[in-house]
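Written below as structure tokens is the structure these notes are about.
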Amino acid sequence: MLAAYATRFSPSDPASALEVGDRPEPEAREHWSTVEVRAASVNHHDVWSLKGVGLAEGQLPMILGCDAAGIAPDGTEVVVHGVIGADGHGVGPSEPRSLLSERYPGTFAERVAVPTANLIPKPTELSFEEAACLPTAWLTAYRMLFHASALTPGQSVLVQGVGGGVASAAIALGAAAGLDVIATSRSEAKREAALRMGASAAVEPGARLPRRVDAVIETVGRATWKHSIASVRNGGTIAIAGHTTGDPEPALLTRVFFHELRIQGVTMGTREDLAALLAFLARTGLRPTIDSTYPLARACDAIARVAGGDHLGKVVLTV
């Protein structure tokens, strides 16, 4: 089958470490199902994998991709939940949690095998391309907003770094749920896009806010951390799901304990979260912003688009 897979690591040019070619079909496993992939989306996780973060040489070649929507063996349309081992389904209770493309081959392929319990029915209202955007970035944003930060309608949230999949999803989801969303970006065009997504304000990174927010959605790290710490109210939450610019230096722990801030890490979410997210989009008409689509054969171009940081929303591969 055709697949896109990491063959080596390249910290400076991750797209060059990806190859597209023939790979073996998924192995049959008890309590697993093989999905015919129709669409998969690219995440920063894939870029980091190609840089050598989270994968070892001995695991190569590895098919990348955490997200997919496609056709189950019984012909139903499904969305793949890419977290493996969190609750033992398909692997047993002692296996530690991993994401597709870490321990098991990922979704950048014509077919992918996943635990059968990880197949969530795809609402007919969503296209395969739209549904494939949800299991990592949108699920993470959903978890950050409504579980990690426990935000409710009328509260405020700062979303750092418009453009990435998680940040764009957090803006759209927050606005649809009645939150007062403030977004940041160095790009004027992306700030304008954030306003179109539903943000009440969009400012440059580091800009002083009119008032401190109830929570911050942080995926940037070092470049925005000081601003995040300064912008959240006493007792507020900073939900963090990544650090694309590296670990914060300094961590500003004095402000954390003096202002009694809560730092909550998030890695994706549960199957129940994904089902709830799908229902939310189906009922509200909210849809993910898709930056661009590429056929699987052009997966290297899709990776380069995400690695370059110029995208707004999700980059999708079609099969």
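Here the structure is a predicted model, which is why all the values come from computation and not from measurement.
Legend: salt bridge (charged side-chain N to carboxylate O under 4.0 Å, His left out) pairs involving residues 132-148, not counting sequence neighbours, sorted by first then second residue: R143-D273. Among residues at least two apart or in separate chains, there is no salt bridge (charged side-chain N to carboxylate O under 4.0 Å, His left out) pair with a member in residues 148-172.
To the nearest 0.5 Å, the span separating OG on S101 from CG on L55 amounts to 6.5 Å. Atom CE of M62 sits about 13.0 Å away from atom CZ of F108, to the nearest 0.5 Å. Once rounded to the nearest 0.5 Å, the distance linking CG of L296 with CZ of R298 reads 12.0 Å. Taking OG1 of T284 as the reference point, atom CZ of R287 lies at 7.0 Å (rounded to 0.5 Å). Here R111 contributes atom CZ and I63 contributes atom CD1; the two are 10.5 Å apart, rounded to the nearest 0.5 Å. The structure places CG of L179 at 9.0 Å from CD1 of I217, a figure rounded to the nearest 0.5 Å.
Looking only at distances, a side-chain donor or acceptor of D74 sits under 3.5 Å from a matching main-chain atom of T76. N118 places a side-chain N or O within donor-acceptor distance of the main-chain N or O of H81, the cut-off being under 3.5 Å. No donor-acceptor pair under 3.5 Å is formed between the side chain of Q155 and the backbone N or O of D214. In this structure, D46 contributes its side chain and L64 its backbone to no donor-acceptor pair below 3.5 Å. Between the side chain of S10 and the main chain of S16, no donor-acceptor pair closer than 3.5 Å is present. Judged by distance alone, the side chain of R186 and the main-chain N or O of P205 form no donor-acceptor pair under 3.5 Å. The main-chain N or O of D67 is found under 3.5 Å from a side-chain atom of T107 such that the two form a donor-acceptor pair. At distances below 3.5 Å, at least one donor-acceptor pair connects side-chain atoms of R191 with backbone N or O atoms of S185. Between the R38 side chain and the T318 main chain, no donor and acceptor come within less than 3.5 Å of each other. K190 contributes no side-chain N or O that, together with a main-chain N or O of A194, makes up a donor-acceptor pair within less than 3.5 Å.
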Quick one, I171 with V162, criterion side chain to side chain contact (heavy atoms under 4.5 Å, CB included). Give me CA distance, side-chain angles, the key distance, then yes/no.
CA-CA 8 Å; I171 294 168; V162 179; 3.7 Å; yes
Salt bridge (Lys or Arg N to Asp or Glu O under 4.0 Å) assessment of R103 paired with E95
CA-CA 11 Å; R103 185 175 286 113; E95 181 169 315; 3.6 Å; yes
Does C66 form a side chain to side chain contact (heavy atoms under 4.5 Å, CB included) with H45? I'd like the steps, not just the answer.
CA-CA 8 Å; C66 304; H45 183 276; 3.6 Å; yes
Give the C-alpha distance, both sets of side-chain angles, the deciding distance and a yes or no for salt bridge (Lys or Arg N to Asp or Glu O under 4.0 Å) between D291 and K314.
CA-CA 5 Å; D291 173 87; K314 294 294 293 179; over 6 Å; no
T140 and T267: CA distance, side-chain angles, deciding distance, side chain to side chain contact (heavy atoms under 4.5 Å, CB included) verdict:
CA-CA 6 Å; T140 300; T267 298; over 6 Å; no
Steps toward side chain to side chain contact (heavy atoms under 4.5 Å, CB included) verdict (S168, L312)
CA-CA 7 Å; S168 298; L312 179 63; 4.2 Å; yes
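L274 and V37 fall into different hydrophobic clusters, where Ile, Leu, Val, Met, Phe, Trp and Tyr are joined by side-chain heavy atoms under 4.5 Å apart, directly or via other members. Hydrophobic cluster membership is shared by V80 and V315, with clusters built from Ile, Leu, Val, Met, Phe, Trp and Tyr side chains linked at under 4.5 angstrom. Residue I240 is not grouped with residue W138 when hydrophobic side chains (ILVMFWY) are merged at heavy-atom distances under 4.5 angstrom, including chains of intermediate members. Taking hydrophobic clusters as Ile, Leu, Val, Met, Phe, Trp and Tyr residues chained together by side-chain heavy-atom distances below 4.5 Å, L317 shares a cluster with L100.
Remark: the S228 side chain and the Q160 side chain contain an N/O donor-acceptor pair separated by less than 3.5 Å. Between the side chains of R262 and T237, at least one donor-acceptor pair of N or O atoms lies under 3.5 Å. Side-chain contact check for H147 and Q264: no donor-acceptor pair (N or O, by modelled atom type) lies under 3.5 Å. A side-chain donor-acceptor contact under 3.5 Å links T224 and E218.
Other residues, nucleotides and ligands contribute only 12 or fewer heavy atoms inside 6.0 Å of the CZ atom of R97. Taking a 6.0 Å sphere around CD of E272, one finds it holds more than 12 heavy atoms contributed by other residues, nucleotides or ligands.
Between I182 and S200, the closest side-chain pair of non-hydrogen atoms falls below 4.5 Å. In this structure, the side chains of V157 and D180 stay at 4.5 Å or more apart for every pair of heavy atoms. Proximity of L2 to D22: side-chain heavy atoms (C-beta onward) are nowhere separated by under 4.5 Å. L173 places a side-chain heavy atom less than 4.5 Å from the side chain of F280. Between S12 and K51, the closest side-chain pair of non-hydrogen atoms is not below 4.5 Å.
Aromatic rings of W32 and Y104 (six-membered ring for Trp) have centroids within the 6.0 Å cut-off, being under it.
Contact record, P135 with M268: O-CE, 3.1 Å, taken as the closest heavy-atom pair. Nearest heavy-atom pair, F128 versus I71, reported as atom, atom and distance to 0.1 Å: CZ-CD1, 3.6 Å. Of all heavy-atom pairs between S41 and A132, the closest is OG-O, 2.8 Å. The nearest pair of heavy atoms linking L126 to L278 is CD1-CD2, 3.7 Å. Of all heavy-atom pairs between C133 and V316, the closest is SG-CG2, 3.7 Å. Contact record, T184 with H227: CG2-CE1, 4.1 Å, taken as the closest heavy-atom pair.
Looking at E249 and R222, a side-chain N of the basic residue comes within less than 4.0 Å of a carboxylate O on the acidic one, giving a salt bridge.
Among T136, V306, V166, the one residue that satisfies the side-chain contact (heavy atoms from CB on, under 4.5 Å) test with H44 is V306.
Below 30°, between 30° and 60°, or above 60°: for W48 and H243 the angle between ring planes is above 60°, a perpendicular geometry.
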